Amino acid sequence: MRSFADKVYSLCRKIPKGKVTTYKEIGKKLGGRGQIYRAVGVALNKNPYSPKVPCHRVVLSNGKVGGFAKGSKKKIALLKKEGVNIKDGKIIDFKKRVFRFVTKK
DNA sequence: ACCATGACGCACA
DNA sequence: ATGTGCGCCATGG
């Protein structure tokens, strides 16, 4: 069922290792409507593909890791393993670590 | 069709 | 810069 959530999973899989993306970017890439990122969070939360989809690479737009079904701590640990430095739940050099699907210039 | 929920984001104080 | 409140979208019951 190619529902909204399904698209979200697909995009998450495209996130390169060591990088992160935001719910907003995903939503924007999908539809670009107002608060779609809300539904994005819901979709990932259901995330039936825990290991297949690197949902832990999806963080808040303000640079915070946000939440995680298994616990934000776990999420942080995973990101750190990927090479993303996190400080008190906040991503360091977040701006540089964010991966944009639009691949802006 | 309506109400409630949720891994968010932004405006405002 | 920090904390609180409100709003919107998709999904499920």
Side-chain angles (χ1 to χ4, degrees):
Chain A
M1 147 193 201
R2 292 143 193 97
S3 45
F4 177 83
D6 202 36
K7 298 179 191 175
V8 178
Y9 306 139
S10 299
L11 286 170
C12 288
R13 266 163 74 219
K14 294 176 190 178
I15 303 172
K17 179 168 161 281
K19 286 250 193 168
V20 294
T21 192
T22 68
Y23 298 92
K24 201 161 120 194
E25 287 297 314
I26 294 174
K28 221 161 185 222
K29 178 64 177 152
L30 289 178
R33 288 169 225 215
Q35 326 292 49
I36 16 92
Y37 41 80
R38 272 293 193 148
V40 175
V42 177
L44 284 175
N45 176 240
K46 288 170 186 182
N47 179 22
Y49 309 92
S50 310
K52 304 182 186 230
V53 178
C55 37
H56 58 267
R57 286 180 194 159
V58 186
V59 298
L60 301 187
S61 61
N62 65 310
K64 284 209 163 174
V65 293
F68 196 55
K70 288 184 130 247
S72 38
K73 299 195 312 244
K74 195 80 178 183
K75 186 171 179 177
I76 294 169
L78 285 164
L79 288 169
K80 280 173 122 182
K81 262 185 187 193
E82 303 260 309
V84 182
N85 295 321
I86 299 175
K87 179 76 183 264
D88 190 46
K90 301 172 295 278
I91 298 175
I92 299 174
D93 294 317
F94 171 65
K95 227 171 134 181
K96 307 199 266 190
R97 288 273 136 97
V98 174
F99 169 74
R100 293 199 177 182
F101 300 99
V102 283
T103 314
K104 59 157 293 210
K105 64 151 176 10

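Per chain, numbering begins at 1; letters A, B, ... match sequence-line order. The shown structure was predicted, so the numbers you read here are calculated from the model rather than taken from an experiment.
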A:Thr21 and A:Leu11, any side-chain heavy atoms less than 4.5 Å apart: no
Rounded to the nearest Å, what distance is computed from the CZ atom of residue A:Phe4 to the P atom of nucleotide C:dG12? 13 Å
Which part of the nucleic acid does A:Ser72 contact within heavy-atom distance under 4.0 Å: base, sugar-phosphate only, or nothing? nothing
Distances under 3.5 Å only, N/O to N/O: pair up the protein atoms with those of nucleotides 4-8 of chain B.
{"from": "B:dG6", "atom 1": "N2", "to": "A:Arg38", "atom 2": "O", "distance (Å)": "3.4"}
{"from": "B:dA7", "atom 1": "N7", "to": "A:Leu44", "atom 2": "O", "distance (Å)": "3.4"}
{"from": "B:dA7", "atom 1": "N7", "to": "A:Asn45", "atom 2": "N", "distance (Å)": "2.9"}
{"from": "B:dA7", "atom 1": "N7", "to": "A:Asn45", "atom 2": "ND2", "distance (Å)": "3.2"}
{"from": "B:dA7", "atom 1": "N6", "to": "A:Leu44", "atom 2": "O", "distance (Å)": "2.6"}
{"from": "B:dA7", "atom 1": "N3", "to": "A:Tyr23", "atom 2": "OH", "distance (Å)": "2.8"}
{"from": "B:dA7", "atom 1": "N3", "to": "A:Gly67", "atom 2": "O", "distance (Å)": "3.3"}
{"from": "B:dC8", "atom 1": "O2", "to": "A:Arg38", "atom 2": "NE", "distance (Å)": "3.0"}
{"from": "B:dC8", "atom 1": "N3", "to": "A:Arg38", "atom 2": "NE", "distance (Å)": "2.9"}
{"from": "B:dC8", "atom 1": "N3", "to": "A:Arg38", "atom 2": "NH2", "distance (Å)": "2.1"}
{"from": "B:dC8", "atom 1": "N4", "to": "A:Arg38", "atom 2": "NH2", "distance (Å)": "2.3"}

Side-chain contact, heavy-atom cut-off 4.5 Å: A:Lys19 with A:Arg97? no
So which residues get pulled into A:Ile92's cluster when ILVMFWY side chains under 4.5 Å apart are joined, directly or through others? none
Are the side chains of A:Arg57 and A:Lys17 in touch, meaning some heavy atoms are under 4.5 Å apart? yes
Flag side-chain contact, heavy atom, 4.5 Å: A:Phe4 against A:Val42: no
According to the ring pair (Phe, Tyr, Trp, His ring centres under 6.0 Å) rule, which pairs have a member within residues 8-61 of chain A, sequence neighbours left out? A:Tyr9-A:Tyr49
Just the rounded figure in Å: distance from C1' of C:dA10 to CD1 of A:Ile26. 14 Å
Whole angstrom is fine here: how far is it from NZ in A:Lys90 over to C1' in C:dT2? 12 Å
To the nearest angstrom, how far is A:Lys64 atom NZ from B:dC10 atom C1'? 15 Å
